[in-house]
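As structure tokens, the structure follows; a few thoughts come after it.
So that the names make sense, note that chain A is the first sequence line, chain B the second, and so on, each numbered from 1.
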Amino acid sequence: MIKITLKDGSTKEYPKGISVISIAKDISEGLARNVISASFNGRTLENSSEITENGKIEFYTWDDDEGKKAFWHSSSHVMAQAISELFPGIKLTIGPAITNGFYYDIDLEDHKISESDFSNIENRILEICREKHDFKIRSSSKKNAVEFYKNENNPYKLELINDLKDGEITFCDHSNFTDLCKGGHIPNTSLIKAVKILNISGAFWRADQNNKQLTRVYGISFPKQKLLKEYLQNIEQAKLRDHRKIGKNLKLFSFSNKVGLGLPLWLPKGVDLRYRLENFLRKAQKKAGYQMVMTPHIGNKELYVTSGHYDKYGEDTFQPIKTPKENEEFYLKPMNCPHHCEIYNSQKFSYKDLPVRYAEFGTVYRYEQSGELHGLTRVRGFTQDDAHIFCTEDQLDSEFKNVIDLTLHVFKTLELNDFSVQISIRDANNQEKYIGDTVAWEKSEKAIIKAVKDKKLKHTIEEGEAAFYGPKLDFMVNDALGRKWQLGTIQVDYNLPERFDLTYIDNNNQSKRPVMIHRAPFGSLERFIAILLENTAGNLPLWLTPSQFIILPISEKHEKYCKNVLNLLENNEIRGLIDNRSETIGRKIRDAEIQKIPFMIVIGEKESDQNLISVRSHGGHDYGAMKVEDFVKIIEEKTKI
RNA sequence: GCCGAUGUAGCUCAGCUGGCUAGAGCACGUGAUUUGUAAUCUCGGGGUCGGGGGUUCGAGUCCCUUCAUCGGCUCCA
């Protein structure tokens, strides 16, 4: 007999060799009906897997992430089979489950797949699914595995096998299809009731641009047709929140090919929004002891040689700007830190002056490949809410935590509650990517991890994602379609102070190096506004929105009274406008709704006679008639930040 | 940059297998209307169909090329 511990901590005894599904059946019929995979002592298992030792079991259904993973991973096998049948001679590589669905990377050789093939692939997949083939996992010796893929003439699988140890290699069979696979499947293909091929794209073998480009086919599948329909509808809904669409409709920003790719043009309403965000942060930063600085958009080549940017990005950036006679070389600034280091160097600091905190809304320019550009979220020219803190090593911990607090304050005020925190450290195997010595890196990484742990922030650690000069702490937020974007960022840097020979005099009259913190709570105004628009569907917080109200006169007769109301509100620093067109009130309301203006003030005979205003909010809530003072109170209450 | 899709008026889109002077709604301009909680009516201007080249008696439609846009190129059997 073996002892099995369940999720709730209780234990049960079963005969050695009992299958996962039998245990599920023993617990309840309902569980047995819904379980699609399981894990045992952290290892992924299938329903048919037999258990031979004591341990902890966890069952997964479609409602668990792990269950979905097994479902989608299994689906990718079926898709691979369908595509192999329709396009003979192709070579399969990898096909994992992803956050939403699955993909398979395929070397298509001479074949080409395009959208017109999607329905054929889908139909074949569904056919296979209906045939109810069991997924069967079996071990294989390394020798046999190698032989199998030598016969198949598949160098990709051979490369994968090469990285695996003999004894841990398994295959998965279903129908007449075999794939190298570590397991985690649903019992059989018939559970898959709905499938959709979503798109195809190029993807490099092992994510390396120097390798051959494969064709990646993305798909998603569901145990019910209805779920697929809902999924597709959700995507359609999410597309309505696309910041590019909202930005255009609300006249916030635009792009022009004549100006250049990835170079946003800010329209008056967008600038209004930006200034409000900037001023909000200016105020918070002033309170936190920052001083504003300003630096030019270009810098001498020497500046970037010193900082290391030239070595790292010199070749792969905008080409230098040269003076006609002296032949001096300037670069558009990719970051503000070198300039800020030189501001620090413009005077001598005592330990009593530290920390010094320089902030700037600094516009920077970076070359991004044309295919990487994306609305306001990835551009070639953008403004960082940048600041650099120069402090002593003793001050590092508390300074870092203060920056975390400031960033959290920004996110909270803007109602971005759904974010994740990511610590990005070096890739220890690829040291050439970074500048500075190991000791400095280790110190920086430790400082960040300690601060995050002390602050009890739930976080992930990503190896190899650090900046070239130091590790960082990033605040990530999803866009409407669930793509992750880095917004706020905090970085610890021992390297630039060294390179720029930054010093301060300590209390023993000794020259010492300060530590530097780079930080930007928004990250960039562009990306932040983009994500804010997608998260709010364009319904910005009242304190931020360009127009807080619009006055809608019933007829021209009330023009004078409307102007009085406008003046009164403006005197209370509430901003808005009057819709003076000779349109019906229904029309004016509709247009105000489309412009997402938070409050509509309807004024007709009734209101002007009684010295009142009728208030309606965006979305149709009727506040009824009230005095202007009462409306002012409502707005003041709602704009407290 | 690479893979796939798309590109018709400021916006959203129609235009079948190539065949009259390229259409609609919204937006814009004009005139009328002065309106009570999500679209008042009238008339009008606006497009060398992304650019270039080709096939054809004839191209928005077919082919080539180029530019731009969208999705992806991070998720490791």
Phosphate-side-chain proximity, A:R244 and B:G71, N/O vs OP1/OP2 below 4.0 Å: yes
Going by modelled atom types, is there a donor-acceptor pair between the base of B:G36 and the side chain of A:E607 at under 3.5 Å? yes
Map A:E556 and A:D179 onto RNA chain B by nearest heavy atom, then report which one ends up closer to the 5' terminus. A:E556
Which part of the nucleic acid does A:E115 contact within heavy-atom distance under 4.0 Å: base, sugar-phosphate only, or nothing? sugar-phosphate
Interatomic distance where CD belongs to A:E368 and P belongs to B:C73 [whole Å]: 15 Å
Among the nucleotides B:G71, B:U37, B:C76, whichever has the atom closest to the side chain of A:R483 is B:G71
B:G10 to B:U17 separation - P atoms, rounded to the nearest Å: 26 Å
Of the candidate nucleotides B:G4, B:U69, B:U74, which contains the atom at the shortest distance from the side chain of A:L261? B:U69
For the pair A:H185 and A:H174, evaluate ring pair (Phe, Tyr, Trp, His ring centres under 6.0 Å) and give the outcome as yes or no after the intermediate values. CA-CA 11 Å; A:H185 297 103; A:H174 78 271; 8.5 Å; no
Would you check if the side chain of A:E445 reaches a backbone N or O of A:R426 as a donor-acceptor pair within less than 3.5 Å? yes
Any idea which of B:U69, B:C76, B:U37 is nearest the A:N257 side chain? B:U69
Distance, P atom - from B:G50 to B:U6, rounded to whole angstrom: 13 Å
Under 4.0 Å, heavy atoms only, any strand: does A:K588 hit a base, just the sugar-phosphate, or nothing? nothing
Could you check how far NZ of A:K245 sits from P of B:U69, rounded to whole Å? 17 Å
For B:U6, which nucleotide in any strand shown is its Watson-Crick or wobble partner with both distances under 3.5 Å? B:A68
Both distances under 3.5 Å, Watson-Crick or G-U wobble: report the partner of B:U61, or none. none
Is there a donor and acceptor pair closer than 3.5 Å between the side chain of A:S582 and the base of B:U33? yes
Please state whether the phosphate of B:U35, meaning OP1 or OP2, lies under 4.0 angstrom from any side-chain nitrogen or oxygen of A:H558. no
Quick one: look up who B:G1 pairs with, Watson-Crick or G-U, both distances under 3.5 Å, and put none if it's unpaired. B:C73
Looking at B:U40, B:U37, B:C11, which one has an atom nearest to any side-chain atom of A:E583? B:U40
Base, sugar-phosphate, or nothing: which does A:I594 touch, judged by heavy atoms less than 4.0 Å apart? nothing
Under a 3.5 Å limit for both distances, which nucleotide forms a Watson-Crick or G-U wobble pair with B:U55, could you say? none
Say we look at B:A22 and B:A14: how far apart would their C1' atoms be, to the nearest angstrom? 11 Å
What is the distance, to the nearest angstrom, from the CZ atom on A:F204 to the P atom on B:C3? 9 Å
Can you pull every protein N or O that's under 3.5 Å from an N or O on nucleotides 15-18 of chain B?
none

Assigned partner base of B:U42, Watson-Crick or wobble definition, under 3.5 Å: none
Which whole number of Å gives the distance between the C1' atom of B:G29 and that of B:U69? 31 Å
How many whole angstroms separate atom CG of A:L198 from atom P of B:G4? 18 Å
With P as the reference atom in both, quote the distance from B:C64 to B:U12 in angstrom, rounded to an integer. 28 Å
Partner of A:W485 under side-chain hydrogen bond (donor to acceptor under 3.5 Å, both in side chains), picked from A:T377, A:D474, A:D479, is A:D479
Crowded around A:K212 NZ? As in, over 12 foreign heavy atoms under 6.0 Å? yes
note: A:L612, atom CG; B:G36, atom C1'; distance rounded to Å ~ 15 Å
Just to be sure I understand the rule, does A:A592 reach a base, reach only the sugar-phosphate, or reach nothing, if contact means heavy atoms closer than 4.0 Å? nothing
Are a donor atom and an acceptor atom from the side chains of A:Y623 and A:D630 found within less than 3.5 Å of each other? no
Determine the contact category for A:R216: base if any of its heavy atoms lies under 4.0 Å from a base atom, sugar-phosphate if only primed atoms, P, OP1 or OP2 are that close, otherwise nothing. sugar-phosphate
Distance check, P atoms only: B:G23 and B:G31, in whole angstrom units. 27 Å
Which heavy atom of A:L376 sits nearest to which heavy atom of A:A530, and what is that distance? CB-CB, 3.8 Å
Rounded to whole angstrom, note down the P distance from B:C26 over to B:C41. 8 Å
I need the CD1-C1' distance between A:I554 and B:U33, as an integer number of Å. 15 Å
Just N and O in the side chain of A:Y156: are any of them under 4.0 Å from OP1 or OP2 of B:C76? no
Minimum-distance nucleotide to A:P96 side chain [options: B:G36, B:C76, B:G71]: B:C76
What interatomic distance, in whole Å, is found between C1' of B:C20 and the corresponding atom of B:G58? 12 Å
Residue mapping more 5' on RNA chain B - nearest nucleotide basis, A:I113 or A:Q209: A:Q209
Think A:T99 has a side-chain N or O under 4.0 angstrom from the OP1 or OP2 of B:C75? no
Looking only at side-chain N and O atoms, does A:S201 come under 4.0 Å of OP1 or OP2 in B:G71? no
Minimum-distance nucleotide to A:S114 side chain [options: B:C75, B:G1, B:A5]: B:A5
Under a 3.5 Å threshold, yes or no: a donor from one side chain and an acceptor from the other, between A:E593 and A:H618? yes
Select base, sugar-phosphate, or nothing to describe what A:G586 touches, counting heavy atoms under 4.0 Å on all strands. sugar-phosphate
Looking at A:D105 and A:R216, is any side-chain nitrogen of the basic one under 4.0 Å from a carboxylate oxygen of the acidic one? yes
Nearest-neighbour nucleotide for the A:A207 side chain, B:C76, B:G1, B:G71 considered: B:C76
Take atom NZ of A:K606 and atom P of B:U35, then tell me their distance rounded to the nearest Å. 15 Å
I want to verify a distance call: between B:A39, B:U37, B:C11, whose nearest atom is closest to the A:R590 side chain? B:A39
Do the charged groups of A:E236 and A:K239 touch, with an N to O distance under 4.0 Å? yes
Could you tell me whether A:E152 and A:K157 make a salt bridge, using a distance below 4.0 angstrom between a side-chain N and a carboxylate O? no
How about A:D65: does its CG atom have over 12 heavy atoms from other parts shown lying under 6.0 Å from it? no
For A:R244, is there an ion pair with A:D242 - N to carboxylate O distance below 4.0 angstrom? yes
Separation of B:C73 P from A:W205 CH2 (nearest whole Å): 17 Å
side-chain N/O A:K557 vs B:U35 OP1/OP2, d < 4.0 Å: yes
Nearest to the side chain of A:Y218 - B:G72, B:C75, B:G36? B:G72
